[in-house]
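Note sheet for the following structure.
This one's a predicted model, so the numbers in the text were calculated from it and none came from an experiment. Every chain is numbered from 1, with letters handed out A, B, ... down the list of sequences.
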Amino acid sequence: MSNFDKVISSLKYLGLALEIKNYNSRYLIQKITYINQALGMDTNYNFTIYIAGPYSKQLTRDYFNESEEIFLNKNNYQLTYKDTKRLDKIKRCCEILTNSPLLEATSTIIYLKKEGIVNDDEIIKKIKILKPHISYENIILGLVRAKELLFKPEYLTKDLKEENDLIDSIENME
Amino acid sequence: MEENIQSLIENSVTFNNKTITVNRSLILFLLSYFKDGLQYRELKNSLNISDGKLASNLNYLHDFGYLKKEEVEIDNKKLDVYFLTELGRREVEKIFEWMELAIRLVKNGDR
């Protein structure tokens, strides 16, 4: 099964109607494919964040090699339970699919975190240099979304769970 | 292609030598890599040059037919995105061939 089959099945699951000739669609494919791969999808594309945010030359080659018709109808890869769980997580952060600067911030922050930069202040500083057009608000929101997406249930310790339950109970009282 | 110093000089006329400035070459190379195109702001941020300098270099390359501009709308904002044309791609290939010849000659000597 090719990497690109997995990309197409994932995009379809997310309900994204994309056209390769459209710049915005290609922009979305690059960023979403990066996030999906960073969360565990075994697509094995190489990405760089410099200049255009998470960008893979191999992925670009793959979608330019496909005709629009194939792109729309191809569906060779059957998503696994793990794949859909991962994509559901992306779906829950649905605003990143409709807010481009936020998507760019979130995907770039995930890249930096994967590169080992974990300090929030350092990440904010780096994003401001790499992406001066992204507002501070979107950087902070991107940081929150990146943390949500990278969070795994096993990180939830007993103390954290109790803290979450307490916050939930206060919110329910309100 | 015969590899000697004379051929290096003679082949320098196979491409437009006005494109060999750092900024123009960088624009062409970046657009060769990013086949999806690059936004004006991405080019400006990566080249770290003034709007005036970037615009004049982009206009120069555009006038020669090496790149094309497309206006796209992202989040209700109109942005300019630049792409390399087929002519631009061929020009980059010519520059690469000339550079490869120079590298071979300088590294191996004139044999």
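With a threshold of 4.5 angstrom between heavy atoms, A:Ser56 does not approach chain B through any atom at all. Looking at B:Asn45, only its side chain comes within 4.5 Å of chain A, counting heavy atoms on both sides. Looking at A:Ser100, both its backbone and its side chain come within 4.5 Å of chain B, counting heavy atoms on both sides. Residue A:Tyr50 touches chain B through its backbone alone, counting heavy-atom pairs closer than 4.5 Å. With a threshold of 4.5 angstrom between heavy atoms, B:Tyr33 approaches chain A through its backbone and through its side chain. Heavy atoms closer than 4.5 Å to chain A are found in the side chain of B:Leu30, but not in its backbone.
A distance of 6.0 Å or more separates the ring centres of A:Tyr77 and A:Phe4.
With respect to A:Asp83 and A:Arg86, a salt bridge is recorded, a charged nitrogen being found less than 4.0 Å from a carboxylate O.
Within 6.0 Å of the CD atom in A:Gln78, the count of heavy atoms belonging to other residues, nucleotides or ligands does not exceed 12.
At least one side-chain heavy atom of A:Ile96 sits under 4.5 Å from a side-chain heavy atom of A:Ile35.
The closest side-chain donor-acceptor pair between B:Tyr60 and B:Thr19, if any, does not fall under 3.5 angstrom.
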